[in-house]
Amino acid sequence: MFRRRLTGVLAAGVATAALLAACGGGSDDAADGPVTLKVLTWEPGGTEYWQQVKTAFEASHQDIKLDLQSVPFDKYPEVQGPYITSQSGPDVMANNAGLELFDRRGAYTPLGDKAAEINKDLVTYSGACEEFDTSKPCYGVPFSYQGNVLYYNKDVLTAAGLDAENPPATWDEFGAACDAVKKAGKTCLALGLSGTFPAYWDFPEIARNYLTEDDIRGVLNGTLSWKDPKLVQVLEKLAEITTKGWANKNAPSITMLPDGADIFQRGDAAFAGTIISDAVNWEAFGKALGDDKLGVTRWPAINPSAPLAGKFSGIEGAVYGVTKWSEKKDAGLKFITWLAGKENGELWVKYAKGQPLNKNVDPALLPSSPAFKKIQELIAEPTLHAGVMLSGPEADALARGWQQITLGQLTVDKWAEQMQQALERSPTKKQGN
């Protein structure tokens with residue numbers, strides 16, 4: 001389902017040496033000619049943005065060349081896994097903030113006490129640090145803010161006899177809207193259940209209705225059982241989305257990106273639950289549908305009185321860290337530090353149309369889109385993002401179980417059992433359940 005001013009300082013030899021010492025490693029960077037830095041990424045923000053990153057960074061660091069290896073998001077773990085196993089390959093790699101990164105922390109060079117200095121101009125970087133605690137080890141640098149919203153097509157709602165300026169705010173209203181949209185011949189919610197998208201984009205928006213922030217931390221630590229009534233209720237409501245026919249029939253067999261998003265972009269669905277930054281954000285949908293036709297809101301509240309029901313599931317976006325096996329740690333640290341800077345923050349806004357983390361980005365560069373402005377209202381009340389608290393085994397079991405539920409092959413109780421088994425297979429979580 002989030003991705004400066006220190007560039008000149010770190011370019012200096014003394015500061016670089018101090019940083020390397022803090023990170024517990026030296027550098028074998030070549031002294032004769034530019035260093036080629038291999039970067040593994042799924043290109044959050046799109047190819048044009050990353051072309052600009054390469055051009056701008058190399059222009060100010062003529063001793064470093066970037067070799068970008070781009071992998072589709074849904075294939076990324078398959079490519080990254082062998083590199084980690086063999087302790088070879090890229091010098092810099094991306095992972096989503098939270099447990100996806102923590103599960104792979106053995107592959108990264110900790111930033112040590114330099115983390116705060118590198119990230120000093122960011123709104124937050126805790127998702128790059130163990131237990132979301134910046135006093136604990138941090139493994140890389142984010143540069144974008146990420147999180148979930150519900151986009152809607154005003155034309156589809158109007159054609160279904162609904163008020164396009166007042167989208168459904170509760171679960172019951174959403175169900176009624178879906179019935180009306182289906183009668184009008186459209187899909188209600190564009191959805192793809194293959195891959196990790198359900199964990200990051202859908203699960204948190206249901207979970208906010210049943211979990212407190214302490215509960216969400218219990219998910220992070222593995223101390224909240226999947227057989228707990230709260231999490232069982234979350235699974236029940238996820239199941240309703242497909243068993244009640246609110247989503248496209250082929251949801252179990254497609255990914256949300258690009259397939260599910262394409263359904264919405266074609267104008268064939270009323271709603272799409274996606275993210276505020278990256279390739280499937282407001283900017284892509286606005287181009288496809290027209291900015292005046294695109295609406296954005298929170299997911300409908302199941303329990304409006306729940307303490308987190310009206311909050312925004314927010315998290316830093318992709319985190320870029322230097323690999324432990326890299327012989328080019330000097331260059332890698334310069335690059336990830338630059339990613340946190342103002343220059344890259346402004347590239348992120350201009351070319352990716354994403355939400356920057358750097359506090360010094362020129363406000364005049366921020367988009368004027370109505371959807372972007374609405375997102376600014378929604379993100380003002382953030383809470384913990386429950387999706388990034390899931391381990392890899394849990395994220396896989398969530399998607400697989402939802403597919404089976406939709407196909408009538410599984411009950412919710414059995415799904416909860418599978419989720420608990422996945423938790424118990426999660427190496428980075430406590431086993432006190």
Side-chain angles (χ1 to χ4, degrees), residues 1-4 6-7 10 16 19-20 22-25 27 37-45 50 53 57 64 66 68-71 73 76-77 79-81 83-84 87 89-146 200 277-278 315-326 328-341 344-345 348 354 356-358 385 388 392 428:
M1 247 171 43
F2 337 61
R3 341 200 197 272
R4 316 233 217 242
L6 290 173
T7 301
L10 289 173
T16 300
L19 178 57
L20 289 170
C23 292
S27 171
L37 194 67
K38 295 182 179 180
V39 180
L40 182 66
T41 177
W42 59 81
E43 289 193 340
W50 281 94
V53 166
F57 177 76
I64 304 173
L66 298 181
L68 302 176
Q69 181 185 359
S70 177
V71 178
F73 179 78
Y76 192 82
V79 175
Q80 186 189 41
Y83 286 138
I84 294 175
Q87 296 284 288
D91 302 292
V92 172
M93 301 191 300
N95 275 114
N96 280 311
L99 259 176
E100 181 180 302
L101 174 66
F102 306 158
D103 278 349
R104 296 160 177 78
R105 63 183 180 269
Y108 292 97
T109 303
L111 296 181
D113 60 7
K114 290 293 180 179
E117 182 181 349
I118 295 169
N119 293 292
K120 67 188 176 90
D121 291 327
L122 300 187
V123 174
T124 173
Y125 64 94
S126 62
C129 311
E130 285 187 24
E131 297 183 18
F132 292 82
D133 183 344
T134 57
S135 69
K136 296 183 182 296
C138 303
Y139 297 95
V141 172
F143 54 83
S144 68
Y145 193 47
Q146 191 59 282
Y200 292 131
S277 289
D278 223 323
I315 183 66
E316 297 92 334
V319 175
Y320 286 77
V322 179
T323 58
K324 276 192 173 178
W325 57 80
S326 174
K328 304 169 184 177
K329 289 185 174 65
D330 185 340
L333 288 163
K334 287 181 181 179
F335 176 58
I336 67 171
T337 300
W338 180 87
L339 287 176
N344 184 49
W348 179 251
L357 275 180
N358 190 284
H385 189 291
V388 301
T428 55

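For the numbers below, each heavy atom of this structure counts, side chains included, while hydrogens, waters and symmetry mates do not.
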Is a donor on one side and an acceptor on the other found under 3.5 Å between the side chain of Thr337 and the backbone of Ile118? no
Would you name the heavy atoms of Pro142 and Val319 that are closest together and state the gap between them? CB-CG2, 4.1 Å
Distance-only polar pair, side chains of Asn95 and Tyr139, donor-acceptor under 3.5 Å: no
Looking at every non-hydrogen atom in both residues, tell me the closest pair between Ala97 and Ile315 and how far apart they are. CB-CG1, 3.9 Å
Counting N and O atoms only, with roles assigned by atom type, does the side chain of Glu316 sit under 3.5 Å from a partner on the main chain of Gly127, one being a donor and the other an acceptor? yes
Heavy atoms of Gly98 and Phe132 approach each other most closely as CA-CZ, 3.7 Å
Smallest heavy-atom separation, Gly106 atom then Lys324 atom, equals O-CD, 3.3 Å
Using distance alone, with no hydrogens and no angle criterion, decide if Tyr76 and Glu100 have a side-chain donor and acceptor under 3.5 Å apart. no
Side-chain contact, heavy-atom cut-off 4.5 Å: Asn119 with Val141? yes
How are the rings of Trp50 and Phe335 set relative to one another: parallel (under 30°), tilted (30 to 60°) or perpendicular (over 60°)? tilted
Could you tell me whether the side chain of Thr428 reaches within less than 4.5 Å of the side chain of Arg105, counting heavy atoms only? yes
About how many Å separate SG of Cys138 and CG of Asp113, when rounded to the nearest 0.5 Å? 11.0 Å
Taking the side chain as every heavy atom from C-beta outward, state whether Leu357 and Thr124 have any atom pair closer than 4.5 Å. yes
Quick one: pull up CG in Leu111 and CD in Glu117 and give me the separation to the nearest 0.5 Å. 11.0 Å
Take Val53 and Trp338 through the test side chain to side chain contact (heavy atoms under 4.5 Å, CB included) and record every step on the way to the result. CA-CA 10 Å; Val53 166; Trp338 180 87; 3.7 Å; yes
Calculate, to the nearest 0.5 Å, the distance between atoms CG and CG belonging to Asn358 and Leu122 respectively. 6.0 Å
Any side-chain heavy-atom pair of Tyr108 and Pro137 under 4.5 Å: no
Look at the side chain of Glu130 and the backbone N and O of Phe102, then say whether any donor-acceptor pair between them is shorter than 3.5 Å. no
Heavy-atom check, side chain of Met93 versus side chain of Ile84, under 4.5 Å: yes
Can you name the nearest heavy-atom pair linking Pro44 to Ala318, along with the distance? CG-CB, 4.2 Å
Do Val71 and Thr41 come within less than 4.5 Å of each other through their side chains, counting heavy atoms only? no
CG (Leu37) and CG (Asp91) are apart, to the nearest 0.5 Å, by 4.5 Å
In Å, rounded to the nearest 0.5 Å, how long is the span from CG of Asp103 to CG of Asn96? 12.0 Å
What I'd like to find out is whether the side chain of Tyr83 reaches to under 4.5 Å of the side chain of Gln69, using heavy atoms alone. yes
Just so I know, are the side chains of Ser326 and Lys38 near enough to count as touching, which here means a heavy-atom distance under 4.5 Å? no
Correct closest heavy-atom pair for Pro90 and Leu40 would be CG-CB, 3.7 Å
